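What follows is one structure encoded as structure tokens, with my remarks underneath.
Just so it is clear, the model here is predicted, and its values are computed rather than measured.
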Amino acid sequence: MSTESTTIAPGDAPASPPHRYDARLAGEIERRWQDRWAAEGTFHAPNPGEPGSEKPKAYVMDMFPYPSGAGLHVGHPLGFIGTDVLGRYLRMTGHNVLHPMGFDSFGLPAEQYAVQTGTHPRTTTEANIARYKQQLRQLGLAHDPRRSIATTDVTYYRWTQWIFLQIFESWYDTAADGARPIAELVSEFESGARPTPDGRPYGTLPEGERRALIDSYRLAYISEAPVNWCPGLGTVLANEEVTADGRSERGNYPVFRRNLKQWMMRITAYADRLAADLDRVDWPESVKAMQRNWIGRSEGARVRFPAPAGEIEVFTTRPDTLFGATYMVLAPEHPLVDRLTPAAWPEGTDERWTGGAATPAEAVAGYREAAARKSELDRQENKEKTGVFTGAFATNPVNGEEVPVFVADYVLMGYGTGAIMAVPAQDQRDWDFATAFGLPIVRTVDPGDRKGEAFTGDGPAINSANAEISLNGLGVTEAKRTIIDWLAAKGFGEGVVQYKLRDWLFSRQRYWGEPFPIVWDEHGPVGLPEDQLPVVLPDVDDYSPKTYDPDDANTEPEPPLSRAQEWVNVELDLGDGVRSYRRETNTMPQWAGSCWYYLRYLDPENSERFTGVEAEKYWIGKEPAISPVDPGGVDLYVGGVEHAVLHLLYSRFWHKVLFDLGHVTSEEPFRKLFNQGYIQAYAYTDSRGLYVPAEEVVEDDNGRFTWNGQPVNREYGKMGKSLKNVVTPDEMCDRYGADTFRLYEMYTGPMEASRPWSTRDVVGPQRFLQRVWRNLVDENTGAPRVTDVEPDADTLRALHKAIAGVREDYPALHYNTAAAKLIELNNHLTKEFPGGAPRSVAEPLVLMLAPLAPHISEELWNRLGHDATLAYESFPVADERYLVQETVEYPIQVNGKVRSRVTVPADADGAAVQAAALADEKIVAALAGAEPRKVIVVPGRLVNVVR
RNA sequence: GCCCCCGUAGCCCAAUCGGCAGAGGCAGCGGACUCAAAAUCCGCCCAGUGUGAGUUCGAGUCUCACCGGGGGCACCA
């Protein structure tokens with residue numbers, strides 16, 4: 001009864017052919033080549049002077065990641081793969097390519113984990129970096145492993161501290177329009193070339209005063225500035241760490257605006273250059289626009305209005321409307337308010353102006369208190385104009401009118417002078433206030449038919465003349481120029497440029513950041529000499545800052561380092577004998593390390609200098625051949641648009657300081673910037689609104705989504721653990737291999753486009769690689785199956801068309817279309833050469849595939865008989881002969897609609913094409929004997945007959 | 001409220017200077033292979049470009065308005 005059973009038990013199902021390119025074989029190939037690249041140092045980029053550096057260089061770089069505990073998901077490597085493809089292509093076209101990777105490893109999560117568990121942040125950070133490196137390695141990225149840096153490395157942050165000292169020991173010389181060493185400023189004061197503010201000789205000033213004077217010039221300085229103080233977290237926060245309703249993003253604690261002593265960086269000194277030099281870099285217009293907007297350059301005038309308590313200075317962009325200034329407003333915090341306020345209300349004060357208070361002082365105090373209590377949210381949502389009269393008047397300098405002075409919170413202390421001249425006729429905010437308070441409105445620009453609102457457009461000036469000057473009839477631009485000249489001549493004001501940009505709050509009350517290379521004596525901060533660097537973070541028992549009752553605004557930040565008393569109190573000899581100092585206990589913000597890492601990659605082992613002089617010139621020096629105003633910088637910097645302003649602006653600022661001081665030759669850090677899109681993902685919620693595993697959701701025939709049979713809601717957005725829709729590169733490498741994963745990410749769309757992740761679609765790229773493999777390798781034996789047959793003309797045309805196309809697409813970062821062209825070529829091989837591809841086509845195909853799918857390409861190249869890596873092989877070059885067609889098929893349109901086609905020799909001239917078109921029988925029929933009115937022949941494209 | 005970007009087959013995406021709307025992939029359908037299925041292979045189907053005007057011999061592409069989506073800024077004088 002027993003028979004040979006042909007039933008195959010599950011588990012040993014007939015395996016696919018032993019040498020089929022599947023996930024298992026891909027994995028084996030990938031690990032083997034990754035090991036070989038590492039062992040041979042394939043991607044080591046030589047520095048100037050080393051063999052290989054004579055080639056043209058290319059510096060391609062990613063925004064480095066923060067190594068979080070969650071590891072990478074499939075969205076993170078998109079840009080990394082994109083730069084890798086470009087780098088590999090450039091290497092094969094004869095470039096010396098630098099493609100490094102590092103880690104932005106200071107940061108809050110490791111510190112918070114330390115607070116919770118007592119684990120040193122360095123332990124967590126290093127474990128996370130190790131995991132990131134492993135995840136990145138499996139993707140086959142051609143980084144130079146010798147140049148990997150982390151901002152938390154002591155050998156790195158030593159130089160972050162050094163750069164801080166450069167900034168601290170400099171001042172901005174507006175005459176020279178650049179930073180200079182502070183020692184030169186001291187010399188100017190000492191010699192008397194530069195007088196002190198009150199004229200006393202510098203040498204006669206007490207030391208404390210001399211120090212304070214010099215400190216007030218430094219590019220890094222201590223300031224008592226309004227900051228976001230969060231007692232619940234025990235730290236000050238950057239603006240972007242505070243939510244719109246005035247709470248901390250992390251922990252949701254109240255945040256208070258408080259004046260606290262903090263380190264600031266004088267980025268405002270560079271506002272003009274930061275704005276102007278945007279014209280010299282190759283960046284997306286949107287990012288340039290955001291930076292310009294952030295810097296907020298506006299041209300206008302300062303005008304002084306005489307008042308009993310002193311002049312009130314205002315900034316206005318519309319000095320042409322001065323004759324329409326009918327009142328003034330000071331910000332509630334304006335220092336002049338108290339002096340202006342008289343003891344009693346003037347006779348006949350409008351009741352709407354007093355806020356119901358008996359005296360001006362009372363009204364002002366009440367209003368200030370109310371304004372301070374208002375949350376950011378109130379101010380944003382409630383734009384109704386409020387304010388009180390100070391009881392004082394000032395004099396409009398153009399017409400001698402007495403105008404009332406108000407306090408109102410729609411004027412901000414932080415912009416301009418904190419005071420405005422109000423011109424209700426030409427400013428809607430002033431119009432609203434004037435209407436609410438019954439103030440006069442005088443039109444000074446002819447508004448045409450517009451009534452009942454401010455007119456902010458251009459038009460002829462009216463009502464704008466005094467005994468000496470008349471603006472009447474002038475347009476806005478002309479009127480501005482005229483009145484500024486008059487104001488300057490009379491000493492009432494002058495034209496100025498104003499910026500929205502503020503100085504950069506640079507200190508944080510945290511543990512896991514760079515310590516400042518600063519100690520304090522009785523007079524203030526002292527920069528440590530270079531030989532005392534690095535200042536190493538001390539070990540502490542408690543990593544948390546002192547926290548307080550979240551609602552208690554009247555508390556002071558106490559950084560974690562301040563408790564390390566034996567570290568804080570030091571005896572040092574800084575040149576005048578051993579003395580006692582206290583170390584600065586704040587740490588730097590996370591932006592510090594990322595401000596200059598692109599410089600350290602150039603020369604990571606340098607222990608004498610932050611980066612090598614020659615290396616800087618070689619990799620990022622100015623290249624006048626690109627443009628006469630080329631500022632230098634990284635050739636391509638790829639990252640997300642979320643860093644459009646802060647990181648990129650801070651980095652540009654530091655770079656310009658280093659340039660001014662002669663430490664670098666380039667003027668910008670990043671010559672070309674590219675924002676990659678995001679991989680997004682669907683997430684699904686059940687009827688209770690809880691997220692369900694996205695992987696398990698299915699779509700039914702009606703297009704509805706269900707999970708375990710129950711209907712679920714689909715949302716589209718980020719990938720995240722809490723959304724239960726994370727897909728990791730590790731999973732993809734296991735299921736398909738890294739090459740398939742790389743190809744999928746590059747193939748689904750152009751680099752700049754955001755797009756949904758779709759695991760289902762990954763089989764497409766996998767099938768393609770499988771087909772390439774099968775065309776070149778026998779799936780049963782693993783032996784190459786290329787032939788030595790001469791390819792036919794069609795095949796050569798297909799090959800060279802692909803080469804020409806791919807050579808255009810790679811450098812333009814159009815990887816999706818490059819891949820399509822390779823698929824097309826491979827499809828041609830599949831169809832025409834079922835017995836194996838001709839070697840003369842197979843080899844260029846492999847080389848062209850290599851940037852996108854490097855492991856399989858290396859393996860194929862090897863099996864085709866080449867021992868060396870293909871990383872330095874020459875990229876195929878198209879032969880023009882195969883790109884020209886012998887004949888061209890012209891579509892023939894009649895009135896723009898295609899009616900027929902004719903095929904003519906490719907070298908036929910316009911007349912011949914026209915003759916052939918008009919002779920076509922369908923066209924003859926369409927014309928029905930009539931003469932065409934016009935015939936348009938577009939060479940190589942089409943013919944359009946107009947009847 | 002202001003500014004910027006994007007809307008092309010069921011889905012992801014192509015389309016030089018304005019010149020035949022389709023390169024490629026996914027899904028779907030049919031077939032080959034298989035006892036069967038998976039995998040693999042071959043073939044096929046599918047939109048007139050968000051809407052409405054305008055310029056043009058000709059518009060996905062240029063202009064204007066509107067609709068939808070995304071992003072930035074938001075009392076910055």
Side-chain angles (χ1 to χ4, degrees), chain A residues 6-8 13-17 20 22 244 284-287 289-290 293-294 296 298 300 314-318 321 329 379-380 382-385 408-412 414-423 426-430 432-433 498-501 641-642 644-645 678 680 699 703 716-717 743-744 747-750 752-758 760-765 767-768 770-771 774 779 805 808 814 816-824 826-827 830-831 834 889-898 901 932-947:
Chain A
T6 53
T7 308
I8 293 160
S16 49
R20 168 162 292 176
D22 54 16
E285 275 312 312
S286 58
V287 175
M290 277 190 255
N293 183 52
W294 188 263
S298 52
V314 302
F315 172 72
T316 176
T317 55
R318 293 296 303 276
T321 63
V329 183
R379 282 179 73 125
Q380 270 173 27
N382 197 349
K383 290 195 176 170
E384 246 155 64
K385 296 290 177 285
D409 68 357
Y410 82 93
V411 171
L412 309 173
Y415 185 72
T417 61
I420 62 157
M421 64 178 215
V423 188
Q426 274 86 227
D427 184 297
Q428 192 58 43
R429 296 159 299 183
D430 296 344
D432 294 342
F433 189 88
Q498 187 70 45
Y499 300 93
K500 269 199 290 190
L501 183 70
V641 72
E642 72 271 19
V645 178
Y678 296 102
Q680 298 188 281
E699 186 177 357
Y716 181 56
L743 196 57
Y744 169 79
Y747 181 63
T748 44
E752 65 273 22
S754 292
R755 48 193 176 261
W757 176 263
S758 171
R760 195 172 71 165
D761 293 359
V762 181
V763 293
R767 283 180 196 148
F768 163 57
Q770 231 163 37
R771 282 191 284 248
R774 194 182 303 118
E779 287 190 320
E808 276 184 28
H814 294 168
N816 53 330
T817 52
K821 282 160 191 157
L822 297 176
I823 292 170
E824 201 178 353
N826 189 57
N827 286 350
T830 306
K831 197 176 216 170
E889 187 189 57
Y890 279 84
I892 307 163
Q893 298 179 336
V894 176
N895 292 344
K897 289 275 181 201
V898 178
R901 291 162 200 284
R933 273 206 292 149
K934 199 172 179 185
V935 180
I936 293 139
V937 178
V938 184
R941 312 282 341 190
L942 55 52
V943 181
N944 190 9
V945 180
V946 188
R947 56 167 294 191

Separation between the [atom1] atoms of [N] and [M], rounded to whole Å:
N	M	atom1	answer
B:U8	B:U51	P	10 Å
B:C26	B:C41	P	9 Å
B:A21	B:A37	P	42 Å
B:C13	B:C46	C1'	15 Å
B:U56	B:C75	C1'	47 Å
B:A23	B:A9	C1'	15 Å
B:C20	B:C3	P	35 Å
B:U61	B:G19	P	11 Å

Given B:C13, B:C20, B:A23, the nucleotide with the shortest approach to the side chain of A:P891 = B:C20
For A:S758, report the nucleic acid contact type (base, sugar-phosphate, nothing); a contact means any heavy atom under 4.0 Å.
-> nothing
Base, sugar-phosphate, or nothing: which does A:I936 touch, judged by heavy atoms less than 4.0 Å apart?
-> base
Test item: A:R774 side-chain N/O and A:T830 main-chain N/O as donor-acceptor pair under 3.5 Å | no
Within the side chain of A:N944, is there an N or O that forms a donor-acceptor pair under 3.5 Å with the backbone of A:I936?
-> no
Who does B:C17 pair with, Watson-Crick or G-U, both distances under 3.5 Å?
-> none
Who does B:G1 pair with, Watson-Crick or G-U, both distances under 3.5 Å?
-> B:C73
Ignoring backbone atoms, test whether [X] places a side-chain nitrogen or oxygen under 4.0 Å from the OP1 or OP2 oxygen of [N].
X	N	answer
A:R771	B:C41	yes
A:N816	B:G24	no
A:K831	B:G43	yes
A:R767	B:U40	yes

In terms of side-chain heavy atoms, does A:T817 have a donor or acceptor partner in A:Y747 at a distance below 3.5 Å?
-> no
Just by distance, with hydrogens left out, do A:D432 and A:Y410 show a side-chain donor and acceptor under 3.5 Å apart?
-> no
For the side chain of A:Y744 and the base of B:G25, is some donor closer than 3.5 Å to an acceptor across the two?
-> no
